[in-house]
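This report refers to the structure that appears directly beneath it.
By convention in this document, chain letters (A, B, ...) are assigned in the order of the sequence lines, proteins followed by strands, and residues within each chain are numbered from 1.
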Amino acid sequence: MRKAMFYVPLAAFLALSLFLLSGLFSDPRDHGSALIEKPLPDFSLPDLQQPTRLVTAADLKGEVTLLNVWGLWCPTCNAELGFLTELRQQGIRIVGLYYVQPVDASFGDTFDINTLRVEVQDKLAEQGDPYLLNIVDEKRSLIFDLGVTGAPETFLIDRNGVIRHHHVGDINPQNWPKIQQLYQQLQQGGSDAP
Amino acid sequence: MIAEVGHLALCFALALSLILALFPLYGSYKGAAGPVLLARPAALLLFLLTAVSFAALCYAFWINDFTVAYVANNSNSLLPWYYRLTAVWGSHEGSMLLWVLMLSGWTAAVALLSNSLPLILQGRILGVLGFVNVGFYAFVLLMSNPFERTLPFFPVDGRDLNPLLQDFGMIIHPPLLYMGYVGFAVSFAFAIAALLGGRFDANWARWARPWTLAAWLFLTLGIMLGSWWAYYELGWGGWWFWDPVENASLMPWLVGTALIHSLAVTEKRGTFKSWTVLLAIAAFSLSLLGAFLVRSGVLVSVHAFATDPSRGLFLLAFLLVVVGGSLLLYGLRMHAVRSQARYQLFSREVLLWGNNVFLLTATLVVFLGTLYPLFHKELGLGSISIGEPFFNSIFQYLAIPFALLLGLAPWVRWKQQQLQPLLKPLSLWLVAALVLALGVLSMYQTPAANVALLGLLLGAWVTMATIGEIQQKAAQLGGVPGLFKLQASHWGMVLGHLGFAMLVVGIAMTKTFSVEKDVRMKIGDSVELNGYTFLLSEVYALNGPNYGGQAAELEVFQHGEKVTHLHAEKRFYPVTRAVMTEAAVHARLSRDLYVALGEELSGPSWALRVYVKPYVRWIWLGAILMALGGLVSLSDKRYRRKAKTEIGEQGAQAHA
C-alpha cells in the first residue's frame, strides 16, 4: 500500500497529459475563420476619386474581387503596390480599402479627403496603381467589421459578395499562387464554387 | 552569414548536450572516471556555443537584418537600439533561445561550482541537466529556429516589436523569470541524481539548497517585475490578473517556496525526504508545464505566443519523458527510503509540514483554476472561464492560517517544543501586533473595513513574531552583539518573512482602500479624489521615434499645496497600429497616485482614469524583500564550505 502511494504523482500526471493532448487539437480561440463564407458586411463609404459617390457592398458583387486594406502610412503596403499592379495588368480585379489613421482634431489635424486624394494619386503614379477604386473608411467602421488586425490584409470576395479567403500580410510572388488558385476556381466555377 | 554562424553554433550545442547527457551518466554506472570528467568541459563549452548563437541573433537585430524572418517579424528600422536588442526575446523563437542560453548558463554554473561534490554525483547532476538541455536544443532547432531566412524575397521593413514590450520592465522581466524557471532544472537534476543513487543525506540537501534558493530568488523578482509592469503599462491600475500565464509562473513559485522550507527540514533533521524530492520534481515540472501552456496555445491568454500544435506536441512529448520518467523513477526508488527522525506534534517539523500543505493547496487551487476551463471543454461540457473572484476568495482564506503558522514556526524548536515557555512572550508580541494593526487602521477612520483589518493583523503578527524571535535569539546569544553570530540563512528567513508580511499588508490595504474615478476633463478642469485635487493643465501631441499619440500634464494638490506633477501618455504605434497607455504614477510608501489618459472626447475633452491606491508599493517591496532574504540566505558560509574529504569520499561510495 505504502509502495503504491509513491506512484500517485505519476498517475495524476499521466491523466493530466491526456487532457493536454486533446487540448492541443482544439483551438481555444476559434475565431480566425469567423468571416469566411459569410457575406461582406453592409457598408456605404465614399469613393476616393469621387467622394460624393457612395460605394456599397452591392457594388463589389458580380465579379471575383480582391479587397485590399492599405494606407500610405504603412511601408509594407507601399512595397506591395508594385506586385498588385502587375496583377491588375493580368486582369485581376482589385478594390482598395483605404485605412485612415485616427486624427486629432484638437491639434489642428483634420481629415481632408481632398488632400488624401492628391497624396494617394502621387503615390500611385510613382509606384503603380492596382486599384479599380479606393473606398475611404474614415471612421474605420468596415475595417472593424471585417476584423482587420493589421495592414496590409486582403479579402477574396466571390461574385455573390461572399468572403472566401482572408490573407494577412502582403501579397507577393511566393504566396500569390495559392490565392490565385482560389481566385481561378471562383472565376471558373461561378457562384457555386466551394 | 552571421545568422548562419549562430545557427551552426546551436547545432554544435545540441550535439554537445547529447554528449553531456550520455557520457557522464554512463561513466557513473560503469565506475569510469574518464566519461564523468568529460561533463565539466562539455557543460562550459555548451554555454559558450549558446552565447555565440545568442550574440549572433542580437547582431541581426542590431543591424536590422530583415532577411532573418524573426527579425523582420519583431523589429523595425524606427525602433530605438535598446528595444531592438530586447526584441531578441520579444517573441517565441528568440525567447526560446534566451531560455536555452540560461539553461546552459545554469549547467555551466553547476559545472564550475560543484567541485566539492563527489565525482559520481557531479556527473549524474550534469548528465541529467544535459538530458534536459537536449530536449530544449532540439525544440529550438526543429520547431522554432530563430535564424530562418526570408530570402530571396525579404520585406522592406520589419513589423515592429509588440508595443507592450517596448518598455524597461520588459527588458528585464523575461530574463529574470526564465532564470527562475530554468534554475529549478538544477534542483530537479539534484533530485534525480539522488534518486538514481538512492541516497538523500544532509549533505545532499545542503548542496541542493543554494541552487534552489537562487532559482527561487530570480523567480520572485521576475514575477514582481511582471506585476509592476502590468500595473503601469496596462493602464487599469491592477497588479495581478490571474491570467493563465501569470498563474503558470505562480505555481512553480509556490512549490519552490515549499521546496526551500522542505529542504531545510531535510538538511537539519534528515526527514521529509520524499516530500523534498517530489517538490523538486514538481517545481521544475510546473515550469515545463508553464512553458507548454504558454507556447502550445492550449489556453487563451494575453501572453500566449502563436498557436502551433506541432510545437505543443513536441513539448508535450518532452514533458511526458521528463516528468513521467522522473515520477516513475520516484515511484520505483522512493518507497525504499525511510526517515529515522522522530518528532512530536508540537515541533518545527510539523509546522513546516503545515507550510508545505498550505503552499501545495494554494498551488492546487491555481492549477485547477487555470486548467479547469480546459478539462471542462475537453470533457465536452462547453467553454467556461474562471476569474478573479474564485482565486481571490480562496487565497484570502488560505492566507489566514498560513500567516499565523508563519509567525509561530521560527519560535518552535526542532523535534519537540513545550508550549508553556512560549506563551508569555508570544502573547506579548500578539498584543503588540494588535495595537499596531488597529493603530494603522484608525488613521483610515473606517473601522468597517474588515478585510484590511485582517490583513493588517496578519501582517503585523508576522512582523512582530519575527522581530520577537530575533529579540529572543539576541537574549540567548548575549545581547545585540550576539546577533552577529546568527547564520546568514537565519537572517534570510527573517527578511523573507518580513517581506511576506509587507506583501500581505500591501494586498489587504490596496484591495480595501483603493479609490478610482473615471472622469471627463477639459483643460483647466479638476477632480477631487481622497483629498487629492487633480488639475488637468495641458494636453499635447506626442512625437516619439516610432510612435505618436497624446500626453497629458496634471498638477496634484492636497490641502491647497502642490503635491506633484503627473505626466500621462497615450501612445499610438503606427506600424502595429496599437494604442498603449503610459500611466502617470506618483509613488510614496503610503500611497500611489495613478492617472491613465483615455480617449479624446468631443469638446475637446479627455477621458481620464484617476486612482489613489494606498500601500500598493508594499506588494512589490515585499516581493523584493523576500528576494533579498533569498540572497542573504545564499551568502551563508555553510553552502560554500568545502565538504571534508572523508565525507566527500564516503558520499561518493554511497552514491555509486
Q.
Taking atom CD as the centre, does Q181(A) end up with more than 12 heavy-atom neighbours from other residues, nucleotides or ligands that are less than 6.0 angstrom away?
A. no

Q.
Please determine whether the number of non-hydrogen atoms from other residues, nucleotides or ligands lying under 6.0 Å from atom CG of D42(A) exceeds 12.
A. no

Do you know which two heavy atoms are closest between [X] and [Y], and how far apart they sit?
X: P9(A); Y: Y330(B); result: CG-CE2, 4.2 Å
X: L313(B); Y: L21(A); result: CD1-CD1, 3.6 Å
X: L332(B); Y: Y7(A); result: CD2-OH, 3.1 Å
X: L320(B); Y: S17(A); result: CD2-OG, 3.7 Å

Q.
Are the side chains of L10(A) and V323(B) in contact, using a 4.5 Å heavy-atom criterion?
A. no

Q.
Please classify the contact between L316(B) and chain A as side chain, backbone, both or neither, with a heavy-atom cut-off of under 4.5 Å.
A. side chain

Q) Can you say whether L289(B) sits under 4.5 Å from chain A via the side chain, the backbone, both, or neither, judging by heavy atoms? A) side chain

Q) Can you list the steps and then say if F6(A) with L278(B) is a side chain to side chain contact (heavy atoms under 4.5 Å, CB included)? A) CA-CA 10 Å; F6(A) 285 92; L278(B) 187 60; over 6 Å; no

Q) Say you draw a straight line from CZ of F19(A) to OH of Y372(B); how long is it, rounded to the nearest 0.5 Å? A) 10.0 Å

Q.
Taking every non-hydrogen pair under 4.5 Å, which of V8(A), L14(A), L16(A) racks up the most with chain B?
A. L16(A)

